[in-house]
Amino acid sequence: MNAPRPTPWHEALHALQREGLPHALATVVTSAGSTPREPGARMVITEDAVHDTLGGGTFEFQVIDAAREKLARGESGMSMEAFALGGRSGQCCGGFVNVLLEVFPGSAATLALFGAGHVGTELVRLADPLPWRVLWHDSRDGAFPDWAEDQPRLACRHAPDPQAAVAALPAGSHALVLTHDHAEDCALVDALLKRDDIASIGLIGSKSKWASFRSRLTDAGHDHTALARVRCPIGMAKGGTGGDKTPYAIAIAALAELLPMVGSAERADQRGLEPAKLRALFS
């Protein structure tokens, strides 16, 4: 049986950026003396995988460790790592290598969407140009449209168990609950409120629906502070839909409400290296 073909760095980079997942790109920028690879050699590193190689040996393991430490700390941006092969790396080549580490934290935000109905579908379409990762859940079989399978940064998840679906969400997710079933909506909000690391919780529905949910969630042990985390109806912070209750209008209002919560601060991975560092490197 033939072993599977290793994934080249450029294919891995394309797939990870398409999916909006955290990763690091390591590039040999300059080298002197005897070194395992020439300038321009690259490898891609994730929390649990490595694609391509910078030449192997202790030097490569140290590059991987440096990248994974930054990923684990949630860092982003560029940094220059210097390796003396024979000193820091414990190799006998005797050369010197500068490696540029570019750490990408993944998508700017994760939107956890529960419900593949009309509003959910419009939300997914509208969110497509945004640099967000969308986790689309539905408890029904065959609920997702065929076109959703090949969309970048979109993952469709069959989720019959609300507790398990919420437990699997990444920390910092923004959740919107809009399923076909009120009991399922309530179970999802209950599970979301039990996590203190969910960035925001939105629920589709009327004020009377929220009043009913508040009573049931209070009986389930959630206090006033916890219940205040839930926005219901969604899309009201920006003035709502102006009376338009079509799925498209509701989706626009819901996304407009989310945008300031996600923020638009400059990301470190988009700024590049300081000019002084580059001058020192190439002088």
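Since the structure is predicted, the reported quantities are computational estimates derived from the model, not experimental observations.
Atoms OG and NZ, on S206 and K245 in that order, are 8.0 Å from each other to the nearest 0.5 Å. One distance of note links CG of L21 with OG of S107; it measures 7.0 Å at 0.5 Å rounding. Distance check: W9 CH2 to H14 NE2 gives 12.5 Å after rounding to the nearest 0.5 Å. One distance of note links CZ of F114 with OG1 of T179; it measures 10.0 Å at 0.5 Å rounding. Atom CD1 of I252 is separated from atom CG of L123 by 10.0 Å, given to the nearest 0.5 angstrom. Atom CZ of residue F104 and atom NZ of residue K70 lie 13.5 Å apart, to the nearest 0.5 angstrom.
Under a 3.5 Å cut-off, the side chain of E184 and the backbone N or O of H180 do not form any donor-acceptor pair. Counting only distance, with no hydrogens or angles, the side chain of T53 and the backbone of G55 share a donor-acceptor pair below 3.5 Å. Checked by atom type and distance alone, the side chain of E60 pairs as donor or acceptor with a backbone atom of L54 at under 3.5 Å. The backbone N or O of S212 sits nowhere less than 3.5 Å from a side-chain atom of S215 that would complete a donor-acceptor pair. Not one N or O on the side chain of S173 forms a donor-acceptor pair closer than 3.5 Å with the backbone of L169. Remark: the backbone N or O of G115 is paired with a side-chain donor or acceptor of W136 at under 3.5 angstrom. Side-chain atoms of R195 come within 3.5 Å of backbone atoms of V166 as a donor-acceptor pair (strictly under, hydrogens ignored). One N or O on the side chain of K209 and one on the backbone of I204 form a donor-acceptor pair closer than 3.5 Å. In this structure, the side chain of E257 engages the main chain of G235 through a donor-acceptor pair within 3.5 Å.
Using a 4.0 Å cut-off between a side-chain N of Lys or Arg and a carboxylate O of Asp or Glu, D190 and R216 do not qualify as a salt bridge. In this structure, E19 does not pair ionically with R153, as no charged nitrogen and carboxylate oxygen lie closer than 4.0 Å.
Proximity of R231 to L176: side-chain heavy atoms (C-beta onward) are separated by under 4.5 Å at one or more points. You'll find the side chain of Q62 stays beyond 4.5 Å of the side chain of I64, heavy atoms only. Between T27 and E102, the closest side-chain pair of non-hydrogen atoms falls below 4.5 Å. Proximity of L113 to L178: side-chain heavy atoms (C-beta onward) are separated by under 4.5 Å at one or more points. For the pair F144 and V124, the minimum side-chain heavy-atom distance is 4.5 Å or more. Here the side chains of T218 and H224 are not in contact, with every heavy-atom distance at 4.5 Å or above. Between L135 and P170 there is a side-chain heavy-atom pair separated by less than 4.5 Å. Residues L13 and H51 are not in side-chain contact: their nearest non-hydrogen atoms beyond the backbone lie 4.5 Å or more apart.
One hydrophobic cluster holds both L259 and I250 under the rule that ILVMFWY side chains link at heavy-atom gaps under 4.5 Å. V134 and I198 fall into different hydrophobic clusters, where Ile, Leu, Val, Met, Phe, Trp and Tyr side chains are chained together by heavy-atom contacts under 4.5 Å. Both W132 and V119 are part of a single hydrophobic cluster, where members link through side-chain heavy atoms under 4.5 Å apart.
Inspection of the S200 and H174 side chains reveals an N or O donor paired with an N or O acceptor under 3.5 Å. In this structure, a donor-acceptor pair under 3.5 Å is present between the side chains of H158 and D141. Side-chain contact of D244 with T246: a donor-acceptor pair under 3.5 Å is present, judged by distance alone.
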Applying side-chain contact (heavy atoms from CB on, under 4.5 Å), run through L111 and L258 and close with a yes or a no. CA-CA 9 Å; L111 175 59; L258 276 176; 3.8 Å; yes

For M80 and V99, what are the C-alpha separation, side-chain angles and deciding distance, and is it a side-chain contact (heavy atoms from CB on, under 4.5 Å)? CA-CA 6 Å; M80 196 68 68; V99 175; 6.0 Å; no

Set out, in order, the CA-CA distance, both residues' side-chain angles and the distance that settles side-chain contact (heavy atoms from CB on, under 4.5 Å) for V28 and E38, then state yes or no. CA-CA 7 Å; V28 175; E38 68 286 347; over 6 Å; no

Determine whether R157 and D138 satisfy the following criterion, salt bridge (Lys or Arg N to Asp or Glu O under 4.0 Å), listing intermediate values before the conclusion. CA-CA 7 Å; R157 297 180 173 181; D138 201 283; over 6 Å; no

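The minimum heavy-atom distance between D52 and R42, with the atom names listed, is CB-O, 3.5 Å. Across every non-hydrogen atom of L101 and E81, the tightest pair is CD1-CG, 3.8 Å. Pairing each heavy atom of T46 with each of H23, the nearest pair is CG2-CB, 4.1 Å. For the residue pair L71 and I45, the shortest heavy atom distance occurs at CD1-O, 3.9 Å. The shortest non-hydrogen separation linking L255 to A127 is CD1-N, 3.9 Å. Heavy atoms only, all atoms of each residue included: L154 and A148 are closest at CD2-O, 3.5 Å.
The aromatic rings of F213 and H182 sit perpendicular, their planes meeting at an angle over 60°, well past the 30° parallel limit.
Counting non-hydrogen atoms of neighbouring residues, nucleotides and ligands closer than 6.0 angstrom, the CD atom of E47 reaches no more than 12 such neighbours. More than 12 heavy atoms of other residues, nucleotides or ligands shown are found within 6.0 angstrom of NE2 on H10.
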